[in-house]
Amino acid sequence: MNSVVGVKSLNKIYGKNDSAFAALKDINIDIKHGESVAIVGKSGSGKSTLMHLLALLDSPTDGEIIINGKKSSKLSRREKDILRNKQFGFVFQQFFLNANNTVLDNVILPLKIAGIGRRERNARGLQALNDVELGSKANNKANNLSGGEKQRVVIARALINNPSIIFADEPTGNLDSVTGEKIEEILFSLNKNKNITLIIVTHDHELAGRCGRQIRMKDGMIVEGEK
Amino acid sequence: MKLSDIISSATSNMFRSKVRTGLTILAIFIGAFTITLTVGISSGVTTYLDKQVSNVGAKNVLIIRRKVEVNMSNVLKKYEPDQKSNSAQAALLSAMLNDSDVAKIKTQSDLSNFYAVSAVSPSYISGTNGDKYQVATQPFIDGSQFELITGKLVSGKDAQSEILLPSVMVSGLGFSSNDDAIGKTVEFGIKTPAGVMKTVSAVITGVQQESLITQGGVFVNIPLQTKLLAIQYEGAPVEIAHRYIGVTAEFDSALSKDEVKTIKNSLADKGYLANTVEDQIGIIKQIIDAITYVLIFFGCIALLAASIGIVNTLFMSVQERTKEIGLMKAMGMSRIKVFLLFSVEAMMLGFWGSLLGALAAIGVGRIANNIASDTFLKDLPGFALTDFPVLYVAAIIFVVMLIAFLAGTLPSRRAANQDPIEALRYE
Ligand SMILES: Nc1ncnc2c1ncn2[C@@H]1O[C@H](COP(=O)(O)OP(=O)(O)OP(=O)(O)O)[C@@H](O)[C@H]1O
Ligand SMILES: [Mg+2]
């Protein structure tokens, strides 16, 4: 299996001089295509920071991130934008829906950014909403949905560009166990059926347990899970 | 993101905060309204003046007068019984030209067809109904072109007595219509120096529109002018009879502006002031232009204030949409597109503000035109107070949009440079 995301001796230091804080220290990871990986650890251990770096949302102080065999330091800003737009799906803990837009408009945002025409993106948006059983709510205001529904909308948005990797930061953090179960179901069926790589940051032991591998972090370092 | 999506996103965002958007547009509206209306009036007046010049058409005619130093202390002086002539009158008389002046002017090279214009003041004019009206006459200089409502121009030197009648006089003199007046005869009454009233008749060849230049006067051809003069100065000494208000002369219409200027300067050296009709109207134009510039300046100040409003509005918009921008950037929207999203919003504010301002100005201009042509411009037919060439209006909208774009660059840049991580952490 070829690796899709890897990092080599990665360091991230926030701030400078006196206030400098090393959020990540000498991280090495290698994630293969189709894997499901949980990043676990205490609050403040650097999980989100790591995920943002893996998703090319931030740049490291030191070290390399390798996506599909290419060093991120060699990628232009535009190439990174295209990667995030076409290959990555994002599920953020706080939903990040545009409250005043319709559910459909929220879901199709990545396609709109990609410059896909209205007709095609609406069709694909409806399809993605049906996949998460929210087709009937397509024209509702995003604000009027329940928390679980919002998270499903976020997942539909993450799926819409047929990504090869989904980055999910606490996808079930805000949900009751039944709804959380539903979300997990969707994510793992994607992993299984479409061979999408899952990288999930979570506190939830049960969710972490379903992943193929767990990377445990402590104080910015990996203490377990990376060979 | 496609341009059409950027525009529709910017539009829907613009209407998200209606009050704020409305106030910003109002500020732009005021600036655009002022400028458009000013430009409209200036264009209306300028167009009219240009039409006047081309109406008169005698573009190659110089009107030569004595150069008079206006000395304010001369204007109002105490009467002194010992003094033979009063100095104010003397000043007026000395402004007239005499035969030796005319001879001197005639030596000027590059000029031909000299005609010394005397002031003729007939006592009245009367038409078919016999009613007598006061009248002012002007000699018709060959080569002049008037826009006539009907008929033709008077003929030159060796013809019968002919006149061009201003349309305001037609019905008063007893003619049923402009066309009816053509070919009919009118009578001028004019007094000899001894006070005897004599009459001269003349044929109407054309009816002309009132304008700034004709000023409601009757144009008489040279033969008629000569007859009237003969009566006016019957038996008078030459010094009095041969006084002229000016000399008209033609120059070759192929001469360049500089060459005409040389002629004017040469005459000026001899103590004469030479002007074309265009020059005379040019003075009015300069005044109009000066007023225009001042008003446009005020309009620009209004626009400057409005553009600060745009900056403010967009900064607030960027602030409010921090998360949305962060999300879009995380999902791969490029910096330039984010920049465009906000610049387009700025330009939309400029577009709507200036479009509405321009339309309102055009509307007000139309109403003003109607009121003006019924009232104070009644005697100047063909004069539209305001005139809004599409190109000017388009240029104003374009410039306002450009200003809005420039104002929008600051907030747009802030949006474009936003760090998605920070935006995503932003609560
Ligand atoms: N911009 C920043 N400047 C300074 N310190 C930061 C910044 N962002 C994160 N940190 C610090 O880096 C450490 C790791 O943060 P991170 O968000 O990755 O934690 P986490 O493991 O995701 O925690 P949680 O489970 O609570 O989400 C924290 O101590 C945090 O305070
Ligand atoms: Mg976190």
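The contact between B:R16 and chain A is made entirely by side chain atoms (from C-beta outward), counting heavy-atom distances below 4.5 Å. Using a 4.5 Å cut-off between heavy atoms, A:N100 contacts chain B through its side chain alone, with no backbone atom that close.
Remark: side-chain polar atoms of A:N101 are not paired, donor with acceptor, to backbone N or O of A:A142 under 3.5 angstrom.
Of all the listed residues (A:I82, A:I116, A:N98, A:L83), the one sharing the greatest number of non-hydrogen pairs under 4.5 Å with chain B is A:N98. Between chain B and the options A:K80, A:R78, A:R77, heavy-atom pairs under 4.5 Å are most frequent for A:R77.
Rounding to the nearest 0.5 angstrom, the gap separating the CD1 atom in B:I35 from the CG atom in B:L303 is 4.5 Å.
Of the residues listed (A:I113, A:L97, A:L109), the one engaging B:L327 in a side chain to side chain contact (heavy atoms under 4.5 Å, CB included) is A:L109, and it is the only one.
Classification of A:K71 and A:E79 as a salt-bridged pair fails, no side-chain N sitting under 4.0 Å from a carboxylate O.
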